[in-house]
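What follows is a single structure, written as structure tokens, with notes after it.
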Number of protein chains: 2
Amino acid sequence: MTVTLADVAARAQVSPATVSRVLNGNYPVAATTRERVLRAVDELDYVLNGPASALAAATSDLVGILVNDIADPFFGIMASAIQSEIGGPGGRAGGERLAVVCNTGGDPERELTYLTLLQRQRAAAVVLTGGAVENEPHAAAVAAKLRKLGEAGTRVVLCGRPPAPDTRAIALTFDNRGGGRELTEHLIGLGHRRLGYIAGPEERTTTRHRLEGHRAALAAAGIEEDPRWTVHGRYDRRAGHEATLELLRRDPSLTAVVAANDSVALGACAALRESGLRIPEDVSVAGFDDLPFSIDAVPSLTTVRLPLAEAGARAGRIAMGREEPPPGGIAVVRGELMVRGSSGVPRG
Amino acid sequence: MTVTLADVAARAQVSPATVSRVLNGNYPVAATTRERVLRAVDELDYVLNGPASALAAATSDLVGILVNDIADPFFGIMASAIQSEIGGPGGRAGGERLAVVCNTGGDPERELTYLTLLQRQRAAAVVLTGGAVENEPHAAAVAAKLRKLGEAGTRVVLCGRPPAPDTRAIALTFDNRGGGRELTEHLIGLGHRRLGYIAGPEERTTTRHRLEGHRAALAAAGIEEDPRWTVHGRYDRRAGHEATLELLRRDPSLTAVVAANDSVALGACAALRESGLRIPEDVSVAGFDDLPFSIDAVPSLTTVRLPLAEAGARAGRIAMGREEPPPGGIAVVRGELMVRGSSGVPRG
DNA sequence: AGCGTTACAGCAAGCGCTTTCTATCCAAGA
DNA sequence: TCTTGGATAGAAAGCGCTTGCTGTAACGCT
């Protein structure tokens with residue numbers, strides 16, 4: 001039925017071992033023999049049995065990429081960059097590897113399950129992107145899993161995620177706190193004193209860090225924060241829309257709205273506009289990430305650019321062992337403040 | 001070193017066969033025995049060896065999802081929907097399956113290579129999303145691959161892609177032609193007579209179909225198309241930006257610009273605005289797909305909504321054999337015209 | 001000419017699991 | 001009481017490939 005290595009060997013009049021070596025190319029095989037084998041492979045339309053090789057060689061060419069939400073360009077961009085370096089087909093890396101993008105949907109359970117599945121497949125490497133969930137038992141479970149993976153020889157890289165202590169995981173962390181702080185400082189510098197903040201889901205490192213940066217800026221400027229000024233929501237436009245309406249209801253005198261990310265900011269803009277408020281004349285808006293569409297917003301969005309593609313590419317290279325991990329296994333990737341049209345001097 | 005089935009068996013004082021049966025749960029095992037095995041699994045922290053089971057059982061639980069560009073929400077949304085139905089962790093489907101998202105980057109080579117890789121892994125199913133490349137040799141190669149996959153028992157589903165004749169592939173095709181036509185008819189109905197069209201990359205079915213729909217509408221209205229009115233480019237905002245500038249240069253009298261998709265339309269809006277033109281007073285703009293950000297554009301984008309998530313979910317269910325394929329193996333998914341602020345009556 | 005080398009090619013032993021077939025035990029029917 | 005059969009558990013034969021080790025020519029050296 002299905003063509004096996006043995007069939008190819010028979011056809012090429014060589015031993016299965018030789019066929020295997022031709023296909024894997026890490027053992028000297030005479031040119032003429034190789035040719036004969038290759039011809040047989042072609043004629044029989046032979047395709048290697050992945051599981052069988054993985055089993056025999058005790059290694060696989062799967063690389064897992066965990067993302068919170070694959071429909072969100074934030075992750076899409078990172079995944080794309082990682083994948084291009086994994087050297088899947090087209091990448092310059094020799095061995096063809098299958099990059100597996102796993103969508104956790106931000107659910108801790110699924111994250112863990114995917115990790116187990118990857119472990120089961122004996123993945124060559126795993127890259128976890130995006131913020132982690134801040135929930136002690138879960139964090140411990142993930143750390144344990146990562147440790148296991150590391151011990152089993154799977155390279156683990158965290159991209160845009162805080163370091164995981166006691167694991168061999170390499171971490172490329174985004175400086176969310178610093179970015180958040182810089183952003184709010186910019187707004188304060190423009191004269192804003194009453195700033196609403198639309199945070200992401202609670203229990204997320206990303207959410208917390210950005211918010212902490214924001215608060216640090218307020219504190220540094222001697223602005224006392226009103227608890228009504230912070231609203232939590234998901235990382236999408238809809239949440240931004242609703243949260244903004246809520247913010248406006250709580251305190252109509254706000255002159256700026258800082259959003260957890262660009263999508264949220266977009267929703268905020270829509271809500272403000274619907275409320276008859278002009279941006280930035282009446283209310284300034286700021287986002288985070290600088291996704292491609294942010295520059296096309298009207299007015300274009302003031303935000304913090306995160307080098308998603310660069311970080312992803314680097315994570316990918318490290319995962320493939322093609323780049324030295326940063327000293328200490330941890331590198332902080334900084335964001336860059338992008339001042340654009342959505343932020344301005346507050347009215348009156 | 002690594003814990004194997006045999007280790008668990010030894011610890012639970014049963015045979016490996018029994019452990020396997022407990023883990024796969026398709027054979028009667030006494031409750032007490034099962035419990036004992038499960039405890040051993042837990043104590044030893046045992047994780048099944050995926051490749052080994054796949055080899056022994058001659059099946060795998062991998063499901064491949066091919067996308068053109070994972071950083072593009074168009075694909076992200078579909079992939080997300082497909083994945084949720086694949087029943088990866090969290091899905092209600094029993095067996096835990098690993099959904100593999102493969103990023104072809106729109107490159108025919110890579111598409112083929114990924115298909116081979118998936119074939120090599122003996123994937124349980126494969127879903128190909130997005131338009132196909134219109135290049136005879138390549139199309140034939142893909143069709144051959146799909147046929148092979150089908151014969152090997154892999155379920156193949158095309159989502160948002162034209163049918164592949166002579167294969168067992170189930171196709172959920174988007175009615176790009178109809179949508180394109182409806183969109184342009186809307187514009188013509190508003191009074192537009194000189195419409196620029198920013199098409200996607202050449203040699204793509206999606207590109208051609210949308211363009212054909214556009215032209216059909218023009219023809220039906222008796223409008224003779226000026227060849228200068230069409231420009232090709234990639235499916236991103238940058239291409240839209242550049243193409244619009246080019247269009248304006250070629251014919252400043254255009255009153256509408258129809259874009260290949262929403263991202264392109266966003267770029268077009270930016271270019272128009274930079275050129276001092278108001279939307280829709282001076283020039284109307286229309287997109288395609290209705291991605292989430294389209295409604296937040298200013299003005300919000302007139303576009304054709306494609307039920308990406310629904311189609312993806314359906315494709316996923318069909319791939320898992322949880323839903324009957326459409327009669328004839330082909331279903332056409334229609335888009336819905338969304339008239340919004342970016343289209344209006346032409347000036348003068 | 002004799003012998004150590006080098007360069008290939010083949011043998012065969014697994015890799016860790018699934019599954020068919022067989023053995024065993026015990027309750028129930030004759 | 002003996003038989004029959006249902007319910008479990010085990011033995012063992014692979015699944016298709018990789019790889020360490022073992023040949024075996026052909027080559028070059030002294």
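The CG-C1' distance, from Leu5(A) to dC15(D), rounds to 13 Å in whole Å. To the nearest angstrom, C1' of dC15(D) lies 4 Å from CG of Leu55(B). In this structure, Asn49(B) atom CG and dG14(C) atom C1' are separated by 14 Å, rounded to whole Å. Between the CD atom of Glu35(A) and the P atom of dC8(C) there is a distance of 15 Å, rounded to whole Å. We find that CZ of Arg34(A) is positioned 13 Å from C1' of dA9(C), with the value rounded to whole Å. When rounded to the nearest whole Å, the span between CZ of Arg120(B) and C1' of dG16(D) equals 13 Å. Asp7(A) has its CG atom 14 Å from the C1' atom of dC15(D), to the nearest Å.
Remark: Arg168(A) CZ to Thr154(A) OG1 distance equals 10.0 Å, nearest 0.5 Å. Atom CD1 of Ile170(B) sits about 10.5 Å away from atom CD of Glu323(B), to the nearest 0.5 Å. Within the model, atoms CG of Asn68(B) and CZ of Phe74(B) stand 8.5 Å from one another, a figure rounded to the nearest 0.5 Å. Interatomic distance, Leu55(B) CG to Leu55(A) CG, rounded to the nearest 0.5 Å: 5.5 Å.
Val101(B) approaches Gln83(A) most closely through the heavy-atom pair O-NE2, 3.4 Å.
The phosphate of dG16(D) has neither OP1 nor OP2 within less than 4.0 Å of any side-chain N or O from Thr4(A).
Neither side chain, Thr116(B) nor Thr113(B), offers a donor N or O lying under 3.5 Å from an acceptor on the other.
Using a 4.0 Å cut-off on heavy atoms, the residues of residues 17-32 of chain A that approach DNA chain D are Ala17(A), Ser20(A), Arg21(A), Asn24(A), Tyr27(A), listed by number.
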